[in-house]
Structures are given as C-alpha cells and as structure tokens.
Amino acid sequence: MADSPSPTIAVPPPTALPAGRPAALPENPFAEGIRNRRVVEPCVIVLFGATGDLTHRKLLPALYNLARDGLLPQHVAIVGLARREKTDESFRQDLIEGLKRSSRSFSEADPLWQRFKSAIFYHPASFEESLGYRVLGERLERLDKELGTEGNRLFYLATGPEYFSPIVRLLGEAGLARPQEGPNSGAGPAAPAGPPGSRKRPWVRVVVEKPFGRDLPSAIGLNRELLAVLEESQIYRIDHYLGKETVQNILAFRFSNGIFEPLWNHKYIDHVQITVAEDLGVGSRGPYYDSSGALRDMVQNHMLQLLALVAMEPPVSMEADAVRDEKVKVLRALRPMTPEEVLRSAIRGQYAAGSILGEPVRAYRDEDRVPKDSATPTYVALRLHIDNWRWAGVPFYLRHGKRLPRRATEIAIQFHTPPMRLFGEASAPAASPNVLILNIQPDEGISLCFGSKVPGPDVRIRQVKMDFRYGHSFGVASPDAYERLLLDAIAGDSTLFTRRDEVEYAWKFVNPLLETWAAEGSRGLHFYPAGTWGPESADRLFEGAGGHWRRM
Amino acid sequence: MNSATASFLSGLPVRVNPTDIERELASLWKPASEEAGGSDAVVRACLANLVIFFPGPEEREYAARILPEVSRRHPNRIINLLVDRNGLPGSRLEPAGGAGEARSSRLEASVTAMCSAPAPGIAPVCCEQITLRARLGEEPLLAGSVAPLLVPDIPVFLWWTGDYRNPLLPWIARFVDRVIVDSRNEKKGGVILPDIRHLSSLPEVKEVVDLGWRGLGRWRQTIAELFDDPAARRLIPEIGRLEVERAPASGGAPCSLGQSALLTGWIASRLGWAFAGKEVSGEGAGEIRTVLFRTRDGLPAQASLRVKRDFPLGRIPSGEPLLARLSARAPAEEAFVKIAIDGASPKAAKVSFQTPSLCRLPGVVPLPHFSDGELLGEILNTPVHPFVFREALEIAAPMVG
C-alpha cells in the first residue's frame, strides 16, 4: 500500500452489516464473460502408485503445467502414496527428473516450483493394509487445516489393476470414500453446486486408470466392487484418448458445422475406417502385453471410444451424461459377433521379424519375457456394424497393430461414389470416392479428398487433397491429455470419462472375440513382417463390399 | 526458386505495384508452391486479415517486434498502413519484376512473408505482409486500398496504433469485424479511455477490443474465482470500498491509468455501481484518484486508484495493476478480499479473504505477464464478451476523463 492517505470525501453515513442476514446468496457477478471459466475447488490429490512411471512421466508434469497456467485451485495439496519408504523431500527430489523431461517449461529455480513443491507430500503405505489408510485420513485432515483444502479429495489410482478394488474397499473402511460430515457439509456423495446460501459439501472422487477389467465378467465384477463403496458419480474411469484435443474435436467438427452432419449417415457414407497404427513394439511391457494383447490394450477402450464419437447422435447438451448416453447407444447397437462371425469379420496377427526405417526388428515372440509360442495378437482388424437407423449397412473397419510402418491414428469417412460416371474413363481410377480424414495423431488435422479437373484441353479428373493442420493454423501447443483429464476430474466434469455402462457394453462386444480366439489358440493367427501394414489376410474383410485399407 | 521469391520468403520487403498486389503476390508464391514436398517447401496460411495503421515509425517499430509472435500463433494476411512523414523512400525496396515495372502511384507498396517453423522437420508456416505507404496528408488514399486486399470469408481485424479520433479510422472500420485498441497507451500524456468509448459508439465500428483489457484477463479470472467461494459472495452486498494500485514508471513519470481504471470500472459495473464523481489529489506518481459511486441500493461506495511508488521498478510494466482490495463498508471494514502482487515474485499474486467470522488461508495464484504479441494473438483467436468490456468502459471513461 502506498503511504499517502486517501482524501476524505463527504458521503452519507455508512450502514452497518445487518444482523441475521437472509441465507439467499447472490450469484457471482464477476463470473459473467470470463472465458473458459470452471470452478475448481480446493482439494487434496492423492496419487496411489506415486513411485510409478505414470506418476512421474504424466501425472506430476500435468499437475505442474496446470499450476503454471493458474488452473489448479489456490489451495491444493498433492500426496503421493506408495509402498517404498521416502520422505516428502526425497519424493519431491525424485519428481524433478520427470518434470524436466515432460513439463513444457520446468526450472528448479522457478519460484512456481518452489511453491508447488511445498504442497507435495509423500505417504508411505501398503495399498492393502488398513492401518496406512487410517494414518492417511489423519494426515489429510491435517492438510485441510494447514492448507485450506476443505475436505475435498481426488484419489487417483495409478496402480496395477489388481489394486483398484482393494484400495477402494480400504478407503471405504477408513471412512475416506465418503465426504466427511462437517458444520457446513451434507452427508452422502459429492454433489454439484449446493443451493444458494449453503456451503457446498466436500466431495470425494476416484480416478481409475486402465485397464478396467480384462473381459466382461471381470469388468462387471470390478464395477460391482467399486460401487459397493462409491456412487457412480464419484468414479472417473480414465481413457486418456478422450483427453486428446483432436479426439474432442471430433464432436466439435461434427456438431459445430452445418455441412457435415446432414451427410453423416448411410445415405452418403460408404464405410468408415479407424486406424491406430504404432511403429513401436512391446518394449519392456512384454509380460503385461502378452496377457492383454491388441484387442484389450487398444480396441476395447480407445478404438471403441473413437467409434462411438464418430457414430453417436447429437447429444441434447454437452453435459456429461447427455454425451455419454449417446455414446452408450452406439455401443449397444454394435452387432454382436457369433463365433462364426468372428472368424469371418475379425483378423488377428502377430509381428514377425522385419525392419522399420532401416533398422532390423525382432519378432514379437523374441521380445523379452514373451513366451516363444505366444498366440497374443499384436494386430487386430475388424469389420463391424452398428445396427441403427443412421448406420444401417455401413461397415466400420477398425485396425490396430504394433510394429506397423509408422505411428498414425486416423478416422477416414469414405463417401459413396457418384451415382454415375459422367466423365467416363476420364474419371480417376475407380471413380475415387470423397474421403474425409480426421487425423488424430501425430499430424493432427482434417483433410478432404475430392476430384478435380486436370488443367488442359481434355477432361481428366484427378484426386486432390484439401488439408487443415492444427500446427499450421494454431501455433500453440495442445496441452497433454492428462492435463485436461485431471482438471476435469478436479472440476467434477465426467464428460471425458467412461461410465459404467459404456465400459460394460464395450466389453460385451469384445468378449466373443476374446473367447473365440482363446479357443482357437494359434490357429488363425496371421503373422506379418514388422514394418508392414499387417497381414494380407486383413484385406479379405473388404471382400464383397469393395474398397481396401487406406494407404497411410 | 527465383531471387525475388527467396527475398520475399526470407522476410525482405519486395516492392510491388500498388495496383496489382494480388497478381504480384501470386507470382512470388508460385515458385514456393512448386517446391511442395521438397526441402524448401513452405505452407501458406491465413486465418484472418489483420490491418494495422501506423501513424509514424515508432509505432511501426513496435509492431515489427511483436508481429512475428502473433504470426506464429495466428497466421494472417497482414496489411500495414503507414504514413510517411519524410516522403517515400522507395529506393530501399527491391522491385519484384524489375524497377521499370512499377506503375506510378501516389502510394507505395511492398510485400514480404513471415515464416515460422512449427516444429523441427516440419515445413515452415508462412503468411504474407503487405505494406502500403502514403505521404503525410495523403492518408485517405490508404482507406480505399484496404477493401480490395482483404481475403474474403475470414475475419478482418483493424489494429489502430494512432489517434482514435482520426477520421480515417471509421472509414476503414466499416470493412472490419473488430477494431483493436490499447488502453495502456498514454505516452502522449492524454487519457485514452474516453476516446475509446467514443470510438465504440461509432456506427461504423462493430466491436472494439482492447489489449489492455485482455491483459487484465487473469486479474478478472482470479477475482471471479475468489467469489466462487460462497462466503465471499455473501460479502458482495456489503462491499463499499475498492483500492487499486498500479506499477510505477521510472523516474517518477506518470504511468498509464488505463488498466487500473478498467479494472475498477469492471468491478464497479459487476457490482452494479454507478459513477457519481471523482476527485484527484497529488500529482504525477503521487496522484490519488478517488472515485465515488452509488450502489444499486443507493448506498455510497468509493474507489481509490494510486501508484505503488515503493514497488521495484521494471518488475512489472508500468501501469499494470498490483493490488485490488474490495472491502466491506463500515462497521465491517475488516471484511475484505484482496489480490496483491509483491516485488519479490511478480508472476504470482497472493489472494486473501477475511470476514469477521472467517479467515481463509492466503493462497498464491500465478499471474503471468503476457507479451503484447501473446495478447494480440489471444484477441485474434478467441471470442470476446463485448458487453462486459463496454460496461466496464462506461464507468472507467469518466473516471479518467
């Protein structure tokens, strides 16, 4: 404050604060016109699996970036929980390497880091012993008092899936899974904004990492165990694909433009291809991957989510349940596969030795700690149908593989060819159809392929491509998916998290594939050289329908 | 690639015929497009038209410093309108198609590209910059040159760095979607907010956006977040006093009042206060501006605006807010909400909130300073809520006028 006093101005005598004011609370008048405003309340974020790779590589850098952008609540604490013995200080020190690698701009000398780290704590405890949870509860209460975190809790389960259920059960037994009663709080689960005049009651939310189950029965079982302790509204099942800007843009593209949605149906669309290609192998994840495989690792979650976003009806609003209701309808409408249909419409493959970018690459069965006779698919191609009015007769082709020539994720909408070849032989070969391509990664953007006359006296039609690239139009880096998802979980927005029924319907579709392939063993497993686009047998999914896998 | 295109892409101005700019641009871009897929390939991008008026070289130099940042974030066709007070030094420019080609014109035109590399290994993204120069006194010729050069179907912004009462401004404004002004720019000694208010009332002007206002974004957001707390909202009917402090200028020079006044105007307008008078005491950096308001209930309220003279120089640009404190009126003056920056960590603000029955722990929120390039890029990229700005301006203008 400056030392000069304010001049005195004659104004009417001040009024005193009225005693016993009514409870009616004014709206926040300052909120109007504030862009991207979301209410993030003070909270403690408890990271189970705090010494793991995900915490160091993704979660803490994401939280740090959020803090740097001023998006975290003013009063926040982060408690890392894992079995290893560490102190607060040694845990903070351990985080630095990950932050240097993964944060957009981290410097140890930055005053922000000095402040941020003072709110990071470490709590050594076993995930499966109740004593640690009671001590955790006491510590969280102390933090509430010291840091003003107001009893709000976000528990993030960045652990192996075998711990999800025990952790939630023990949180429940320790009284940590429900908001604590307080002078201003109500009982029961977290609720949206309270009525005017009341203070919001504290909330408790639990973020559950993938994999959520390994088949339909285990997913149903896990849901049952979590819901024995928590309300559905407290559970945030994460699928980091949904946090990607380009995935969110699928809805923006479809529903904020007038020209595409009228064409988005069986009348105009011939088929849809969704490709998630990876050039990497399984690396050090051999044992985990071998028990999981391409179908569980990528198709059941990420790819069916992409499919749902492409195929869903317009939601009545962008609220979480409105969007998720529409996605669930798509998953429910997936035509179930009989064992015979699995053999006809699904191809699985495994990479053999080959080369990528001039480097020799070993076969999947030669990867570290992978059985030599493994029948785990590293490649899956599916032809599936959505039995509803919009998509009747439109095949959806999904393919995912490891050790493909390059990393690329895209959704290609292929439109019908014109009803007749007006230009005869002048038309491009096979009267090249229009294709709308949504590039999800790495070269994020949208392209439209269409025919154009080649300049000259004769009539020749050639396919050309109109490109939009995020990087060319928006010179600002997109935030990491975990930043968006963590912020949403803190703000209580579950739109980008999967609901119980979504998970179960996705497993319900995938389960016959798992069962049929388990029964078949290595029979029907197609090998493909690393560095190619998968087994040639995948082409047969197009037999009878015309078309082919897109060359990427 | 020919030498004219190479000069053009390297950022050197290439002189072109003012009456045939589009054709000349096409001929400069063509060799670049023929490189598609090759190592010299570039991407030509354009998301909007950005017309910029410069009354003199000083403003031009300022803009030249920040435009690369703007173009990186938001590639535009930039149309620079310059008034040359010393004649037209055309000899500085390289003619695109030979010196003899340029037809005589009372304007002089040049074009250049601005390129930036989005990431290693990715083709540079380039946009074009057209510069039109007019002799002093012939500025009206510039107005008629703008419309034919606008890329259709994309937004048009006009960034006006000169006098907001210039008659050329409404003439050009009729072609544009938003006029960009800067309420922080008071170096000529005048107070600028009344001029901005006048500008926003012109029928030719669809919308005014202000760099100074955009720079207050984090302040407004922080205050809004503080009042998400129900306990703070309960204080709203009792608020009767506002203090705003701003960063000093070097040498005790007067510093811009624009942002402080807009912040005050915004808080007052959100609280439903009406301007009722002002009083100024002291001079220069010691000036204290006390502003009187009437609340919706007819109660008196007041704001004081001053320079925080003991704040270390240079840590925060002169004129930017350092403190906003909203206090209850007597007898509950000890109830307040406060956001304050201290000199030790100028990129963060300490926020505190206290009532007679409650004291929230002070928190710290990042309050990063955005460069002018970032602010301008933000304006080009995002929608605005003009009524909130207009309401703040309505109160702020008489405070400084």
Side-chain angles (χ1 to χ4, degrees), chain A residues 1-9 11-18 21 23 25-37 39-42 67-76 110-112 114-115 146-148 184 194 196-200 443 467 469 471-476, chain B residues 43 45 47 72-75 116 118-119 122 125 218 220-221 223-224 227-228 230-231 233-234 236-238 240 245 270-272 279 281-282 286 288 290 292 299-300 302 304 306-310 323 328-332 345 347-348 351 360-361 363-368 381-382 385 387-388:
Chain A
M1 295 279 289
D3 47 12
S4 334
S6 298
T8 309
I9 294 179
V11 291
T15 52
L17 274 176
R21 260 171 295 160
L25 188 64
E27 290 294 309
N28 182 351
F30 299 103
E32 204 163 10
I34 301 286
R35 193 169 56 86
N36 293 337
R37 215 184 80 82
V39 178
V40 283
E41 295 166 319
R68 192 205 49 208
D69 293 343
L71 297 172
L72 281 187
Q74 293 157 34
H75 302 288
V76 68
D110 191 334
L112 173 66
Q114 301 306 319
R115 279 198 308 277
E146 290 164 12
L147 299 177
N184 294 315
S198 71
R199 233 184 113 51
K200 279 179 74 177
D443 199 9
D467 262 337
R469 287 286 169 272
H472 296 163
S473 297
F474 306 113
V476 183
Chain B
V43 173
L47 292 184
R72 188 184 65 75
R73 298 166 78 89
H74 197 277
S116 61
I122 296 180
V125 179
R218 281 292 297 154
R220 293 190 295 121
Q221 186 160 352
I223 291 171
F227 282 92
D228 284 331
R233 287 220 293 289
R234 218 167 275 131
I236 286 173
E238 318 305 331
E245 294 181 345
R270 295 296 94 205
L271 292 171
E279 187 168 293
S281 65
I288 299 173
T290 305
L292 288 179
L299 296 172
Q302 75 175 56
S304 67
R306 66 179 90 196
V307 175
K308 188 169 173 62
R309 284 188 289 179
D310 55 358
L323 171 136
R329 61 176 64 82
S345 51
K347 288 183 184 168
V351 295
R360 291 256 186 271
L361 290 164
V364 176
V365 295
L367 215 55
N381 253 339
T382 51
H385 299 274
F387 67 95
V388 178

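These values consider heavy atoms only, across backbone and side chains, with no hydrogens, waters or symmetry-generated copies. Numbers restart at 1 for each chain; the letters A, B, ... are given by sequence-line order, proteins then strands.
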Validation row: [X], [Y] side chains within 4.5 angstrom (heavy atoms):
| X | Y | value |
| --- | --- | --- |
| B:K347 | A:L112 | no |
| B:V364 | A:Q74 | no |
| B:I236 | A:P29 | yes |
| A:F30 | B:L271 | yes |

Report summary line: All heavy atoms of A:E27 vs all of B:R233, minimum pair found to be C-CD, 3.6 Å
**Report entry** A:N28 side-chain N/O to B:A224 backbone N/O, donor-acceptor pair under 3.5 Å
**Finding:** yes
Query raised in the report: In Å, rounded to the nearest 0.5 Å, how long is the span from CD of B:Q221 to CG of A:L71?
Result: 7.0 Å
Report summary line: The interface call for A:L147 against chain B, heavy-atom contacts under 4.5 Å, is backbone
Requested in this report: Heavy-atom distances under 4.5 Å only: say whether A:R68 touches chain B with side chain, backbone, both or neither.
Outcome: backbone
